[in-house]
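This one's a predicted model, so the numbers in the text were calculated from it and none came from an experiment. In the text below, chain A, chain B and the rest are named by the order of the sequence lines, each starting its count at 1.
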Number of protein chains: 2
Amino acid sequence: MEKLYNTNSLSFQVFNELERQIINGVLTPGTSLTENRLCEQFSVSRTPVREALRMLEQKGLVQITPNKGAVVLGISEKDLTDIYTIRMYVEGLASRWAAQKITDEQLERLTEVVELQEFYQNRACSEQINDLDTRFHELIYEYSDSRTLQHTLSNLHHMIQHYRQRSFSSDGRAPKAIKEHRDILNALIAHDADLAEKLTVEHIANAHANLLSLIVK
Amino acid sequence: MEKLYNTNSLSFQVFNELERQIINGVLTPGTSLTENRLCEQFSVSRTPVREALRMLEQKGLVQITPNKGAVVLGISEKDLTDIYTIRMYVEGLASRWAAQKITDEQLERLTEVVELQEFYQNRACSEQINDLDTRFHELIYEYSDSRTLQHTLSNLHHMIQHYRQRSFSSDGRAPKAIKEHRDILNALIAHDADLAEKLTVEHIANAHANLLSLIVK
DNA sequence: AATGCGGGGATTGTATACAACAATACAAGA
DNA sequence: TCTTGTATTGTTGTATACAATCCCCGCATT
């Protein structure tokens with residue numbers, strides 16, 4: 001379950017770091033990524049760099065033009081809004097399926113995450129809260145027991161990590177979000193698929209609305 | 001728009017061919033892909049093979065374990081059902097957005113595709129019909145004017161190409177599907193977002209039901 | 001001045017060589 | 001017999017060398 005994962009392999013180190021930089025806006029859209037520059041930057045040869053770039057292309061984070069190289073695509077504010085809307089349409093499905101299939105052991109793990117969130121919520125640890133938010137949603141994706149749905153939603157959720165961080169760190173969104181998580185958890189405990197779906201859709205809608213209000217400012 | 005795209009580069013040739021084989025079930029789940037074997041098979045060096053494998057991993061078609069190699073994941077019947085269900089939740093959104101944003105020129109192109117389908121529908125050319133089905137849906141994804149939605153749905157639609165082929169080649173599904181396409185097209189022409197969404201969801205549901213009836217046999 | 005045409009430097013594409021790791025088989029010792 | 005250590009082999013990870021392509025710039029021609 002833990003993603004100790006390919007943390008070794010230089011390809012993945014480069015991939016993860018570039019992904020992070022793109023998602024966090026360090027690398028702005030339009031930036032062209034020449035292989036040699038990245039080689040120097042990461043002190044690795046071209047092989048892992050090229051592999052990382054190919055992976056990023058499949059994720060839609062860079063665009064590779066044959067014989068010309070890679071440019072950063074990044075995540076625009078329109079992408080952000082689109083992602084929330086897409087999640088509003090589909091993330092309820094994850095909770096619905098999870099409600100039908102979740103085991104007692106899985107419920108325990110999820111409960112633990114929610115309790116940790118409640119523990120942190122008044123301590124202004126926006127990073128921990130964001131991490132736990134990620135874990136909460138990722139666990140539901142996993143417990144939906146659908147590889148494809150997990151893959152799809154995980155990608156979407158991951159893309160907007162940086163924006164969520166802003167949301168949690170700036171205002172009173174965290175307590176509300178955590179309360180909503182607790183409600184969803186209760187619906188899952190009751191195996192009430194309809195309710196879990198409904199609450200999840202509302203949760204996404206609220207998160208979206210909150211983020212929009214921040215951006216307008 | 002056309003995907004003349006990276007058809008050159010050996011990496012993409014290998015990627016496309018492996019993807020095709022996985023999607024078509026030529027490579028069954030669990031098959032382990034050793035780099036040297038693929039090198040011989042495609043008569044290329046390890047570099048493009050490795051890049052292809054990394055891309056396939058990001059698409060969720062193979063799983064790479066560090067220092068151990070890649071194994072085929074493939075698309076199970078459960079994945080198939082899941083994909084249709086997910087599309088039922090989200091594909092309507094593409095039509096909704098397309099209805100709001102589609103231009104006259106884009107409508108012409110889409111109309112052309114539907115007319116071609118109607119031309120072929122009684123000629124038992126299931127391959128052409130499948131190709132045109134792909135083009136119809138891909139165009140709507142494109143005209144939804146959302147990079148993320150296009151990316152998401154394009155992946156899902158692509159995954160089940162092989163199953164759709166079976167659907168079109170085996171029974172009276174093609175004429176019904178084409179009729180549904182015509183109805184969706186009309187809704188788009190009228191820029192009726194609600195109707196376009198509703199018809200699209202029904203279209204996916206019908207396609208799913210049809211495929212299920214085939215599999216049960 | 002505008003256009004067309006090399007040419008050289010920079011960049012990507014591909015192949016290969018070497019290093020690190022994993023798995024297996026086999027032998028030595030308890 | 002069982003265990004454990006080790007050698008061997010096959011596979012993946014990384015670096016580098018070479019080939020193909022593109023791009024920019026200067027130059028000549030009109």
Side-chain angles (χ1 to χ4, degrees), chain A residues 1-22 27-74, chain B residues 1-22 27-74:
Chain A
M1 198 217 110
E2 300 298 333
K3 262 194 179 178
L4 20 129
Y5 213 15
N6 316 332
T7 317
N8 13 0
S9 135
L10 296 181
S11 302
F12 279 89
Q13 285 179 35
V14 174
F15 169 75
N16 286 325
E17 179 57 19
L18 285 178
E19 184 187 36
R20 199 188 62 76
Q21 290 189 13
I22 294 174
L27 286 167
T28 55
T31 309
S32 86
L33 301 172
T34 67
E35 295 174 3
N36 282 324
R37 203 168 51 76
L38 296 174
C39 290
E40 289 175 22
Q41 191 174 325
F42 291 103
S43 305
V44 299
S45 77
R46 281 178 60 211
T47 308
V49 167
R50 285 178 60 86
E51 291 179 358
L53 289 176
R54 295 300 180 283
M55 293 190 277
L56 289 168
E57 192 201 25
Q58 285 304 314
K59 270 211 154 180
L61 291 175
V62 310
Q63 180 175 38
I64 295 178
T65 317
N67 293 310
K68 295 191 59 178
V71 297
V72 175
L73 289 179
Chain B
M1 196 217 112
E2 301 297 334
K3 262 194 176 176
L4 18 127
Y5 212 14
N6 315 335
T7 318
N8 13 356
S9 134
L10 295 182
S11 303
F12 280 89
Q13 285 179 35
V14 174
F15 170 74
N16 285 326
E17 179 58 19
L18 284 179
E19 184 187 35
R20 199 187 63 77
Q21 289 187 14
I22 294 174
L27 286 168
T28 55
T31 308
S32 86
L33 302 172
T34 68
E35 296 174 3
N36 282 324
R37 202 167 52 75
L38 296 174
C39 291
E40 290 176 20
Q41 191 174 327
F42 291 104
S43 304
V44 299
S45 78
R46 280 178 60 211
T47 307
V49 166
R50 283 179 62 85
E51 290 179 359
L53 289 176
R54 294 302 181 281
M55 294 190 277
L56 289 168
E57 191 201 25
Q58 285 304 314
K59 271 211 151 179
L61 292 174
V62 309
Q63 181 175 38
I64 295 179
T65 316
N67 294 310
K68 294 192 60 178
V71 297
V72 174
L73 288 180

Inset, instruction - State the CG-CD distance between Leu73(A) and Gln63(A), to the nearest 0.5 angstrom. - result: 5.5 Å
Inset, instruction - First locate atom CZ of Arg50(B), then atom CE of Met55(B), and finally report the distance between them rounded to the nearest 0.5 Å. - result: 12.5 Å
Integer-rounded Å distance: [N] [atom2] and [X] [atom1]:
X	N	atom1	atom2	value
Glu40(A)	dA15(D)	CD	C1'	15 Å
Gln13(B)	dA15(C)	CD	P	11 Å
Glu51(A)	dT12(C)	CD	C1'	15 Å
Leu38(A)	dA15(D)	CG	C1'	16 Å
Leu10(B)	dC18(D)	CG	C1'	15 Å
Arg37(B)	dG10(D)	CZ	P	16 Å
Glu35(B)	dC21(C)	CD	P	16 Å
Asn36(B)	dG13(D)	CG	C1'	13 Å

Inset, instruction - Under 4.0 Å between any heavy atoms, over every strand shown, what does Leu53(B) touch: base, sugar-phosphate, or nothing? Just pick one. - result: nothing
Inset, instruction - Look at all strands and tell whether Thr34(B) reaches a base, only sugar-phosphate, or nothing, counting heavy atoms closer than 4.0 Å. - result: sugar-phosphate
So, does [X] get its side chain near the phosphate of [N], meaning an N or O under 4.0 Å from OP1 or OP2?
X	N	result
Arg50(B)	dG13(D)	yes
Arg54(A)	dG13(C)	yes
Ser11(B)	dG13(C)	no
Ser45(A)	dT14(D)	no
Lys68(B)	dG13(D)	no

Among the candidates [options], find the nucleotide nearest to the side-chain atoms of [X].
X	options	answer
Thr47(B)	dT14(C), dA17(C), dT16(D)	dT14(C)
Arg46(A)	dA15(C), dT21(D), dA17(D)	dA17(D)
Asn67(B)	dA15(C), dC22(D), dC21(C)	dC21(C)

Legend entry - Residue of the set Leu10(A), Leu38(A), Leu53(A) for which side-chain contact (heavy atoms from CB on, under 4.5 Å) holds with Pro48(A): Leu10(A)
Legend entry - Upstream residue (5' side of DNA chain D) when Pro48(A) and Gly69(B) are each assigned their closest nucleotide: Gly69(B)
Inset, instruction - Ignoring hydrogens and angles, tell me if any N or O in the side chain of Arg54(A) forms a donor-acceptor pair with the backbone of Val49(A) under 3.5 Å. - result: no
Inset, instruction - Decide whether Glu17(B) and Gln13(B) meet the rule of one side-chain donor and one side-chain acceptor closer than 3.5 Å. - result: no
